[in-house]
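Encoded as structure tokens, the structure appears first; notes follow it.
Protein chains get the first letters and strands the later ones, always in sequence-line order, with residue 1 at the start of each. Values below: every heavy atom of this structure, side chains too, minus hydrogens, waters and symmetry copies.
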2 protein chains.
Amino acid sequence: MTQPPPKFRREPAEQRKEALILAALALIAERGVRGATVRAIADRADVTQGLIRHHFSSKEDLISAAYAFHMSRMTNLTASPNIAEGASAKARLAAFVATGLNPPVVDPASVSLWASFLNKVREDERMRQIHEQTYHDFRDRLEGLITDALAEAGITATPSRLRQLAIASNAVIDGLWMEGGALPNAFEPGELPEIGLQSVGAIIGIDLQKTGSQP
Amino acid sequence: MTQPPPKFRREPAEQRKEALILAALALIAERGVRGATVRAIADRADVTQGLIRHHFSSKEDLISAAYAFHMSRMTNLTASPNIAEGASAKARLAAFVATGLNPPVVDPASVSLWASFLNKVREDERMRQIHEQTYHDFRDRLEGLITDALAEAGITATPSRLRQLAIASNAVIDGLWMEGGALPNAFEPGELPEIGLQSVGAIIGIDLQKTGSQP
DNA sequence: TCAGCAATTATGCAAGTGTATAATTAGAAA
DNA sequence: TTTCTAATTATACACTTGCATAATTGCTGA
């Protein structure tokens with residue numbers, strides 16, 4: 001007697017939750033939050049819809065988890081320095097800017113996800129906190145890099161001015177990121193990081209483009 | 001015999017269409033596209049739902065019209081020069097930047113609307129065209145102002161460089177606009193235009209802040 | 001090997017969705 | 001006043017939605 005093949009596989013909870021989150025994110029990016037129905041998500045994850053309610057207390061709960069997951073993923077993407085430890089502060093800042101303006105950070109799906117979540121962020125308190133913290137994390141890292149680069153160049157700046165430089169640089173990066181994702185064909189490859197480096201450099205008063213990777 | 005009061009008012013088609021569009025926009029800004037159901041829109045416009053189908057061939061049609069209406073409204077808001085005819089090019093550029101970074105252009109509802117529509121833009125060809133044209137209109141106006149301001153200051157720049165300066169300046173404005181709308185409490189009043197003027201000035205190499213309104 | 005538990009499926013429901021279609025009726029025109 | 005038409009309401013239908021509940025079933029530990 002041969003056994004009939006199993007009708008489904010049991011997965012550890014954490015693993016299945018992540019699979020459901022990934023399916024939700026893919027659908028939200030493709031069709032917006034409204035296209036990410038419980039049934040569509042379950043379908044994409046090759047699972048029946050009841051399972052979602054078993055792992056998440058509600059659809060809102062899944063969406064929140066997906067948002068947190070996505071934001072953390074984006075943070076990790078931009079966090080990876082990708083540059084030698086001993087590099088100059090200027091080189092590190094330049095690398096940070098360039099990373100945020102190249103794939104995979106610049107990506108239509110990412111921008112689409114960001115936009116889809118923005119509305120929920122305004123309603124849901126938990127989401128608002130994730131949003132604010134991610135934004136400030138990114139800006140604070142930027143401010144730190146700017147501070148170091150200025151010090152390295154022998155330029156002094158008040159904390160208030162450093163804050164403004166960080167806000168402005170962050171705005172350039174965000175703006176370019178957004179436009180690059182929303183209008184993927186409007187820019188040449190490499191144009192976004194080039195403009196970004198040039199502009200952040202002009203704002204803080206340091207040329208970031210002619211940067212050898214060596215210290 | 002007194003006549004019973006009329007049970008409803010007949011409005012000219014264009015007027016009712018605009019009322020329906022405004023109701024739709026208000027709902028989308030408040031609750032996102034998913035909250036803007038046919039019934040909710042009709043309710044807010046003090047009308048029964050059937051009327052929507054009489055004036056628009058489908059809900060999609062209404063949403064498209066609302067998007068075009070909103071974009072045109074935003075364009076008009078930023079287009080109003082609000083500054084004397086004979087003003088210097090520098091002053092006109094500064095006024096343009098400041099207008100885009102103050103209310104009512106900077107506004108949570110506007111950002112929310114923009115985000116809500118972004119997904120639809122990727123699917124719907126008609127919406128994509130509206131989006132691209134609005135973006136390029138704004139950027140082209142910016143490029144014209146930058147060109148004039150540079151010429152006025154005796155600075156020459158290649159067309160390619162002018163394009164890059166416009167993209168960069170546009171990105172700063174967009175980024176600040178977005179952050180100001182998404183995190184209304186994260187910035188002091190007047191901080192956004194201040195940073196915007198400072199940054200655009202640094203990017204193009206002209207101080208835009210110490211600008212008397214006189215030519 | 002087998003008992004028990006949690007992961008998974010199966011089924012159904014009540015509310016809300018966009019849309020269609022027919023019945024009213026306000027208001028201008030004659 | 002009466003007619004006529006387009007604006008408006010009224011009603012209903014088929015479908016989707018999130019959620020609940022009960023019935024299975026894969027797997028692990030004794």
**Request:** Mind checking side chain to side chain contact (heavy atoms under 4.5 Å, CB included) for A:L162 and listing every partner two or more places apart, or none if nothing turns up?
**Result:** A:E143, A:I146, A:T147, A:L150, A:A157
Might you list the N or O atoms of the protein lying below 3.5 Å from N or O atoms in nucleotides 16-19 of chain D, with each pair's distance?
from: D:dG18; atom 1: OP1; to: A:K59; atom 2: NZ; distance (Å): 2.5
from: D:dG18; atom 1: OP2; to: A:V38; atom 2: N; distance (Å): 2.8
from: D:dG18; atom 1: N7; to: A:R39; atom 2: NH1; distance (Å): 2.8
from: D:dG18; atom 1: O6; to: A:R39; atom 2: NH2; distance (Å): 2.7
from: D:dC19; atom 1: OP2; to: A:K59; atom 2: N; distance (Å): 3.1
from: D:dC19; atom 1: N4; to: A:Q49; atom 2: OE1; distance (Å): 2.6
from: D:dC19; atom 1: N4; to: A:Q49; atom 2: NE2; distance (Å): 3.4

**Prompt:** Do the charged groups of B:R126 and B:E60 touch, with an N to O distance under 4.0 Å?
**Reply:** no
**Prompt:** In whole angstrom, what separates A:Q15's CD from C:dA7's P?
**Reply:** 13 Å
**Item:** Integer-rounded Å distance: C:dA7 P and A:L20 CG
**Value:** 12 Å
**Request:** Using a 4.5 Å cut-off on heavy atoms from C-beta on, say whether the side chain of A:V121 contacts that of A:Y67.
**Result:** yes
**Request:** Please list, chain by chain and in numerical order, all residues satisfying salt bridge (Lys or Arg N to Asp or Glu O under 4.0 Å) with A:E125, sequence neighbours excluded.
**Result:** A:R128
**Request:** To the nearest Å, give me how far apart CG (A:D43) and C1' (C:dT8) are.
**Result:** 15 Å
**Message:** Expressed as a whole number of angstroms, how long is the span from A:I52:CD1 to C:dA10:P?
**Reply:** 15 Å
**Side-chain N,O (A:H54) to OP1/OP2 (C:dT8) below 4.0 Å** = no
**Asked** Roughly, in whole Å, what's the span from CD in A:E11 to P in C:dT8?
**Response** 7 Å
**Prompt:** More than 12 non-hydrogen atoms from neighbouring residues, nucleotides or ligands closer than 6.0 Å to CZ on A:R73, yes or no?
**Reply:** yes
**Message:** Side-chain N or O of B:H55 versus OP1/OP2 of D:dT8: is the shortest distance under 4.0 Å?
**Reply:** yes
**Prompt:** Atom CG of B:L62 and atom P of C:dT19: how far apart are they, to the nearest Å?
**Reply:** 10 Å
**Rounded distance in Å - CG (A:L51) to P (C:dA6)** = 15 Å
**Message:** Looking at A:E11, I'd like to know if its CD atom is crowded, meaning that more than 12 non-hydrogen atoms belonging to other residues, nucleotides or ligands lie closer than 6.0 Å.
**Reply:** yes
**Prompt:** Which whole-number value in Å describes the distance from B:F56 CZ to C:dG18 P?
**Reply:** 15 Å
**Prompt:** In B/S/- notation, 5' to 3', how is nucleotides 22-30 of chain D contacted by protein heavy atoms closer than 4.0 Å?
**Reply:** ---BBS---
**Message:** Enumerate the side-chain hydrogen bond (donor to acceptor under 3.5 Å, both in side chains) contacts for residues 106-118 of chain A, please, sequence neighbours excluded, ordered by first and then second residue.
**Reply:** A:S112-B:N119, A:S112-B:R122, A:S116-B:N119
**Item:** Six-ring centre of B:F56, B:K17 cation under 6.0 angstrom, axis tolerance 45°
**Value:** yes
**Message:** I need the full list of side-chain hydrogen bond (donor to acceptor under 3.5 Å, both in side chains) pairs touching residues 168-183 of chain B, with sequence neighbours left out, sorted by first then second residue.
**Reply:** A:Y135-B:E179, A:N170-B:E179, A:E179-B:N170
